[in-house]
Amino acid sequence: IDGPMTASELRRSGILSSFTILRKLEGGILPLGFMKKVDDKKIKDGMNALIVEHSERALLNCLMNKLCKLDTDVLVGHNISGFDLDVLLHRSQACKVPSGVWSRIGRLKRSMMPKLTKGTTLYGSGASPGIMSCIAGRLLCDTYLCSRDLLKEASYSLTELSRTQLNKNREEIAPHDIPAKFQSSESLLQLIDCGETDAWLSLELMFHLSILPLTRQLTNISGNLWGKTMQGARAQRVEYLLLHAFHAKKYIVPDKSIGTSKSSIATKKRLASADVENRNDLHTDEHTEQVKSKKGPAYAGGLVLEPKKGLYDKFVLLLDFNSLYPSIIQEYNLCFTTIERSLDGLPSCLPSSTITGVLPELLKNLVERRKMVKSWLKTASGLKAQQFDIQQQALKLTANSLYGCLGFTNSRFYAKPIAELITSQGRDILQSTVDLVQNVLNLEVIYGDTDSIMIYSGLDDITKARIMAAKVIQEVNKKYRRLEIDLDGIYKRMLLLKKKKYAAVKVQFKDGKPYEVIERKGLDIVRRDWSLLAKESGEMCLCQILSGGSCDDVVETIHSYLMKVQQDMRNGEIELEKYVIRKTLTKSPEEYPDGRNQAHVQVALRMKQSGFSTGCSAGDTISYVICCVQGAISNSGGIAERARHPDELKTNNGNWIIDIEYYLSQQIHPVVSRLCAFIQGTDPARLADCLGLDASKFQHKTFESISNDPSSVLASVLDADDRYHGCEPLRLTCQSCSSSFDCPPILTFFSTSRDSTAMDFENNKETNNDFWRRFCCPRCPEDTEGSKITSAMIANQVKRQAENLISLYYKGIMICDDEMCKHTTRSLNLCVLGDSERGTVCPNYPQCNGHLRKQYTEAEVYKQLSYFCHIFDAKHCIEKLDSNRRVLFEKELKRIYPMINLAFATAQKIRDRCSYGWVQLNDLSVSV
DNA sequence: CCCCGGAGCGC
DNA sequence: AGGCGCTCCGGGG
């Protein structure tokens, strides 16, 4: 009870034993020779006690008597309060088990069976009050409910938890498969084994999570009932904590409001003081506040800073205030007993009282106790250390849950003004900390949420980063009495996508040795409402992005991974499990007003219809996959209509199949695109292309392509001169004399000598016209051997120069825009810091305040490639001419076309890839 | 296009 | 039966 213990320890020491009670199915018999098999097994494997009863009634009798004889203190089971107890008592009722027998399930003798049905199907509800009353005197430990409270998992089924927590496999048997298990001795023994294993797994889970020690500590701190703590009841724990605290100081506590009665509002929320001067009702705002329905928030919460998005590759410091809200309560002496009630609904002011309030003192006490326990923890070891650790956790949990209950409408100690004041102070503290760090210490704050700030150090040296952190901590902590900021982490690399969405490589130390851990916060890949397939793809991208590899490699790896995924999907090589999406029902499926549009509701309704009694009511998580009708051309109908439970798919003879297109476009693509939003060299259109989707649909999605998309309408109205200003000419080399010259745009050939249309070619117009007439090196004398320029040569040059340009782009050379600095670097990683407008902070920061700009931007590369197209775009030139001159040139064109067609096609092919996405290097090998 | 309900995160 | 802040999806008007 005091400390954690593994089930294997218990099993070894032989303290615990198990037994199974079995009965034959109604109208059936046990397999022939079953009893003999059991006896054999008992001798051979030491099989545990098996009791065989002839009827359900006898079985229940036997079990109840066993429980009574054992006089068990704790009943443990996975979803025992939502299923097992319910079944046992309902069947006892139906089988007319005498009251003297069924009441042995608890320690209170009863003569009448209470109402077992739940009043309302509550979200995450445990057993009904009627059932709970039956087990009076025993503790109930539902490992399902406790796991949901203590862990953050995608699924809380015993199977999943056994895997994730205990690293053990659990065999699942569907309810409708159970009768078949009674067919043979072997399968029946197997069924018995599964039943016993489940009992052990649940027990082991209880020990693994230290449920008994932790809830006992929590209960000791708050002074409520242990059984209630085990059922969750966080609000009730805080209620008892405060009841004891105020009672000890001889305050009269507020009445407990009775749930549904509206008239009780007038009498609740009162806190009269024993002190005459404080006898006013504090914080009764019933005249302004209606009974809050599940509408919007009642008051403002924490401050979340606008993140400076991007990928950071130098140390980022994460600082946060230790227990911000409990500290604020102490720092500003916030309590029912110290705050003046504002009558006009305006926010309350900070108290001026010099007498320490009840809440601050209570918290101070909790904090001091925790400090003490933690100091003992340092010198303790083994079981003692584990106990201290649990106690320390319990103290922290209690202190932290107080604030939440002040803002909880149905709490006996509901105090919106206090909760509001706490969060308001929190916002001020965070903002002034940011101001201090940014304006006084001159450091760059890139993000912060409620009680934390992240500082981009710009440093490569972790020791220097630590020194910087220490300096900040010192300066911030100067300002407060009880409030304390501390270093919570050092990130080597960090991808900051949105508010509450980021990932980072955290540097940690074990025995003085550093190691790295990837932290993921809020990203799609940590959410259970995305398919495993999408999350695995996202995970892969994230690891690449945070790997520190070169831009080319990362982009290349991601692209080829996606192509492989698409291929595997289309080949049916991905198992069904990876397509499963999970969503929790917050209500009974029938209660959804717009249930028709919600996939998980539709699936749950069908589950209920097909006879499932569990796993499809409020609080349960529903698994489903999105399907389409095999052979159907279009997928009309909403997503909800096409959602199926994985089992439905297995048994429907293949009419419904996985909707691959949905998973590519609505699962993998959005997840991956969001992660790659700041990665140069790829974009949503390019990623869509890898997944075999219509890339043009995603073209406008990147902010980058919006801000400088050269193919926008604006660019097309410019004259060629302006449009291609600054572009590099296409260089051609003569094979005879090895001299190189610029290939003039074909436009120059069509323009009359009077016009000065060409941009950089005015000085040698003769040569230009000459070139398009002769296709010869301008330097070599006429008819020189090998001075002819062939169509293949031109096309090759286009290809080669485009390749060079793109490779330069991929090298990602960055130049500082500060004239004094002009620092040039090749960004070895794909580091884009901060907002796109901000650009990248110069590595010389803070000596230099400049920003790195890309030597070649996507727009510039695109422009250059467009220029290459323009050089050979004869058709476009012709269209601009009047009819007289058109006739003149058409004859010439027939001669020229064969020369330029290949080059034009080559240039266009490369350019058009960019028009929706980015250049795929592999595709540059145009055959000539 | 905006707005809404629902879910599930972060703190 | 703890709080608010913030995406993100899908559907309807």
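The analysis underlying the following values was restricted to heavy atoms, covering all of them including side chains, and did not include hydrogens, waters or symmetry mates. Naming convention: chains lettered A, B, ... in sequence-line order (proteins, then strands); numbering from 1 in each chain.
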Quiz item: Separation of A:Gln598 atom CD from B:dC4 atom C1', in whole Å?
Solution: 11 Å
Anything under 3.5 Å between a donor and an acceptor, one on a side chain of residues 139-146 of chain A, the other on a protein residue two or more places apart or in another chain? List them.
{"unit_1": "A:Asp142", "atom_1": "OD1", "unit_2": "A:Asn79", "atom_2": "N", "d": "2.8"}
{"unit_1": "A:Asp142", "atom_1": "OD1", "unit_2": "A:Tyr144", "atom_2": "N", "d": "2.8"}
{"unit_1": "A:Asp142", "atom_1": "OD1", "unit_2": "A:Leu145", "atom_2": "N", "d": "3.3"}
{"unit_1": "A:Asp142", "atom_1": "OD2", "unit_2": "A:Ile80", "atom_2": "N", "d": "3.3"}
{"unit_1": "A:Asp142", "atom_1": "OD2", "unit_2": "A:Ser81", "atom_2": "N", "d": "3.0"}
{"unit_1": "A:Asp142", "atom_1": "OD2", "unit_2": "A:Ser81", "atom_2": "OG", "d": "2.6"}
{"unit_1": "A:Thr143", "atom_1": "OG1", "unit_2": "A:Gly77", "atom_2": "O", "d": "3.3"}
{"unit_1": "A:Thr143", "atom_1": "OG1", "unit_2": "A:His78", "atom_2": "ND1", "d": "2.8"}
{"unit_1": "A:Thr143", "atom_1": "OG1", "unit_2": "A:Ser202", "atom_2": "OG", "d": "2.9"}
{"unit_1": "A:Tyr144", "atom_1": "OH", "unit_2": "A:Arg148", "atom_2": "NH1", "d": "3.0"}

Practice problem: Could you check which of B:dG8, C:dG2, B:dG6 has an atom nearest any side-chain atom of A:Thr584? | Solution: B:dG8
Practice problem: Grab the two heavy atoms, one from A:Tyr592 and one from A:Thr584, that are nearest each other, plus how far apart they are. | Solution: OH-O, 4.3 Å
Quiz item: Base, sugar-phosphate, or nothing: which does A:Val238 touch, judged by heavy atoms less than 4.0 Å apart?
Solution: nothing
Quiz prompt | Sugar-phosphate, base or nothing in reach of A:Ala300, heavy atoms under 4.0 Å | solution = sugar-phosphate
Self-check item: Atom-to-atom span, CD of A:Glu420 to P of C:dG2 - whole angstrom
Solution: 21 Å
Self-check item: Candidate nucleotides C:dG2, C:dA1, C:dG5, ranked by approach to the side chain of A:Ala233 - the nearest
Solution: C:dA1
Quiz item: Angle class for the A:Tyr456/A:Tyr312 ring planes (parallel below 30°, perpendicular above 60°, tilted otherwise)?
Solution: tilted
Practice problem: Tell me what A:Phe321 touches on the nucleic acid: a base, only sugar-phosphate, or nothing, going by heavy atoms under 4.0 Å. | Solution: nothing
Quiz prompt | Contact pattern, 5' to 3', of nucleotides 6-13 of chain C - B, S or - by protein heavy atom under 4.0 Å | solution = SSSSSSS-
Self-check item: Minimum-distance pair of heavy atoms, taken over all atoms of A:Tyr332 and A:Gln425
Solution: CZ-OE1, 3.5 Å
Practice problem: May I have all residue pairs that pass salt bridge (Lys or Arg N to Asp or Glu O under 4.0 Å) and include part of residues 321-332 of chain A, sequence neighbours excluded? | Solution: none
Quiz item: Taking A:Asp529 for the side chain and A:Lys583 for the main chain, is one N or O donor matched with an acceptor at less than 3.5 Å?
Solution: no
Exercise. Using a heavy-atom cut-off of under 4.0 Å over every strand shown, decide if A:Gly301 touches base, sugar-phosphate, or nothing.
Key: sugar-phosphate
